[in-house]
Amino acid sequence: MQSPRVPHEPTVLIERTFDFPRDVVFDAWTNPDLLARWFAPRGCTIRFARIDIRPGGGFHSCIHNPQFGDCWTIGVYREVARPERLTFTMRIADANGNPASSESQGHDRDWPEETLVSITFTERNGRTLVRLEQNVSEALARRTGAHPSWLQMLDALGEELARGAKRPGQNTVQVDLAAISGAPTEGSTVSPDHDC
């Protein structure tokens, strides 16, 4: 794994508390329906060519930014320990799911080929602290926009959780799951409020 880190250089560490039990918060990270609603920066959308959320499973996703176009990513789930911990890799890819260099896809050439993202979920008094760590330089993440993107996605997660809480029994959204491996496909449509 390539990394631009140097010893003692701060890496990405973000903490956010949500007013929901951790199993609810954890499920928002591991339910493809819910993940498709919030796992993209503001003004962007995400779609999954495939997603298989289990240890050893992986994903191939595309975040579409109206200004900068598509950003394809692949990754492997290393750890799915409900509701305590989630760990996965992220790597720039092409539309066919092949690993690609950051520079070849129009990104910062210093961005590492692969990063590791670790999420821990800690509940106290019905509230959940999410601690997100990514083994990439925080300075580089801020420079490339990755760090603010995480903040925006966590904002969107909080909003999505709040919407679900206001709609008891209706927090399962409908997404086109035809291309998502291992996911159900019956009665699936794209939720209109997910688009830009």
Side-chain angles (χ1 to χ4, degrees), residues 1-5 9-20 22 24-48 51 53 58-81 83-93 102 105-123 127-164 194 196:
M1 177 186 307
Q2 178 186 359
S3 173
R5 285 195 310 168
E9 181 181 5
T11 56
V12 172
L13 172 59
I14 300 171
E15 294 185 338
R16 182 73 59 88
T17 299
F18 298 93
D19 292 329
F20 295 90
R22 68 175 175 173
V24 172
V25 180
F26 183 89
D27 288 349
W29 285 82
T30 55
N31 179 320
D33 296 20
L34 296 176
L35 199 59
R37 298 191 76 149
W38 67 267
F39 199 70
R42 295 281 185 208
C44 302
T45 56
I46 187 169
R47 61 189 163 99
F48 292 95
I51 184 167
I53 305 176
F59 64 89
H60 179 209
S61 65
C62 176
I63 290 181
H64 176 72
N65 183 312
Q67 183 178 1
F68 299 108
D70 291 342
C71 176
W72 288 93
T73 305
I74 55 175
V76 175
Y77 288 96
R78 296 262 182 92
E79 187 177 16
V80 182
E84 295 92 7
R85 188 171 172 83
L86 179 67
T87 304
F88 55 92
T89 62
M90 295 184 75
R91 182 171 186 157
I92 300 294
S102 298
Q105 300 302 304
H107 302 288
D108 192 298
R109 68 179 181 179
D110 291 334
W111 190 260
E113 290 182 5
E114 183 176 277
T115 64
L116 182 68
V117 178
S118 300
I119 317 289
T120 56
F121 304 82
T122 305
E123 182 175 341
R127 307 180 75 210
T128 300
L129 171 67
V130 171
R131 179 184 172 98
L132 182 153
E133 298 176 83
Q134 186 175 24
N135 67 335
V136 64
S137 155
E138 181 179 310
L140 177 60
R142 290 183 183 277
R143 188 178 85 212
T144 60
H147 190 278
S149 291
W150 279 122
L151 298 178
Q152 292 171 22
M153 288 191 283
L154 292 173
D155 288 346
L157 170 58
E159 293 163 8
E160 182 56 34
L161 290 169
R163 274 195 293 271
H194 180 63
C196 288

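Keep in mind it's a predicted model, so treat the numbers as computed, not measured.
Residues Ser137 and Glu9 come closest through the heavy atom pair OG-OE2, 2.7 Å. Shortest non-hydrogen contact noted between Met153 and Trp38 is O-CE3, 3.3 Å.
Contact of the Arg47 side chain with the Asp70 side chain is registered, since non-hydrogen atoms from C-beta on lie closer than 4.5 Å. Using a 4.5 Å heavy-atom cutoff, the side chains of Gln134 and Ile14 are not in contact. Taking the side chain as every heavy atom from C-beta outward, Arg91 and Val76 never approach each other to under 4.5 Å. Looking at Ile53 and Pro32, their side chains come closer than 4.5 Å, going by heavy atoms from C-beta outward. Contact check for Leu161 versus Val25: side-chain heavy atoms found under the 4.5 Å cut-off. Side-chain contact between Ile63 and Pro41 is present, with at least one heavy-atom pair separated by less than 4.5 Å. Taking 4.5 Å as the limit, every side-chain heavy atom of Phe20 sits out of range of all side-chain heavy atoms of Phe26. Within the 4.5 Å cutoff, the side chain of Asn135 has no heavy atoms near those of the Pro112 side chain.
Listed by chain and number, the residues in a side-chain hydrogen bond (donor to acceptor under 3.5 Å, both in side chains) with Asp27 are Arg82 (sequence neighbours excluded). For Arg143, the side-chain hydrogen bond (donor to acceptor under 3.5 Å, both in side chains) criterion is met by Asp108, Asp110, not counting sequence neighbours. For Trp72, there are no side-chain hydrogen bond (donor to acceptor under 3.5 Å, both in side chains) partners at least two apart in sequence or on another chain. Residues meeting the salt bridge (Lys or Arg N to Asp or Glu O under 4.0 Å) test with Arg127, sequence neighbours left out: Asp19. Residues forming a side-chain hydrogen bond (donor to acceptor under 3.5 Å, both in side chains) with Glu159 (at least two apart in sequence, or on another chain): Arg42. For the salt bridge (Lys or Arg N to Asp or Glu O under 4.0 Å) test, residues two or more places apart in sequence or in another chain that qualify with Arg131 are Glu15, Glu133. Phe88 meets the ring-ring contact (aromatic ring centres under 6.0 Å, His included) test with Tyr77; sequence neighbours excluded. In this structure, the salt bridge (Lys or Arg N to Asp or Glu O under 4.0 Å) partners of Glu138, at least two apart in sequence or on a different chain, are Arg142. With sequence neighbours excluded, the residues that form a side chain to side chain contact (heavy atoms under 4.5 Å, CB included) with Ala146 are Trp111, Ala141, Thr144.
To the nearest 0.5 Å, atoms CD (Glu84) and CD (Glu79) are separated by 9.0 Å. From Phe39, atom CZ reaches atom SG of Cys44 across 12.5 Å, with rounding to the nearest 0.5 Å. In this structure, Phe59 CZ and Leu35 CG are separated by 9.0 Å, a value rounded to the nearest 0.5 Å. In this structure, Leu13 CG and His147 NE2 are separated by 8.0 Å, a value rounded to the nearest 0.5 Å. Going from atom CZ of Arg16 over to atom CG of Leu151 covers 6.0 Å, rounded to the nearest 0.5 Å. Atom OG of Ser149 and atom CG of Leu154 lie 11.0 Å apart (nearest 0.5 Å).
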For residues 116-123, which side-chain N or O atoms pair as donor and acceptor with protein atoms under 3.5 Å away, sequence neighbours left out?
| residue | atom | partner | partner atom | Å |
| --- | --- | --- | --- | --- |
| Glu123 | OE1 | Arg22 | N | 3.0 |

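The closest donor-acceptor contact from the side chain of Thr128 to the backbone of Phe18 lies at 3.5 Å or more, if one exists at all.
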Pair Cys71, Ile92 - check side-chain contact (heavy atoms from CB on, under 4.5 Å), show working. CA-CA 8 Å; Cys71 176; Ile92 300 294; 4.2 Å; yes
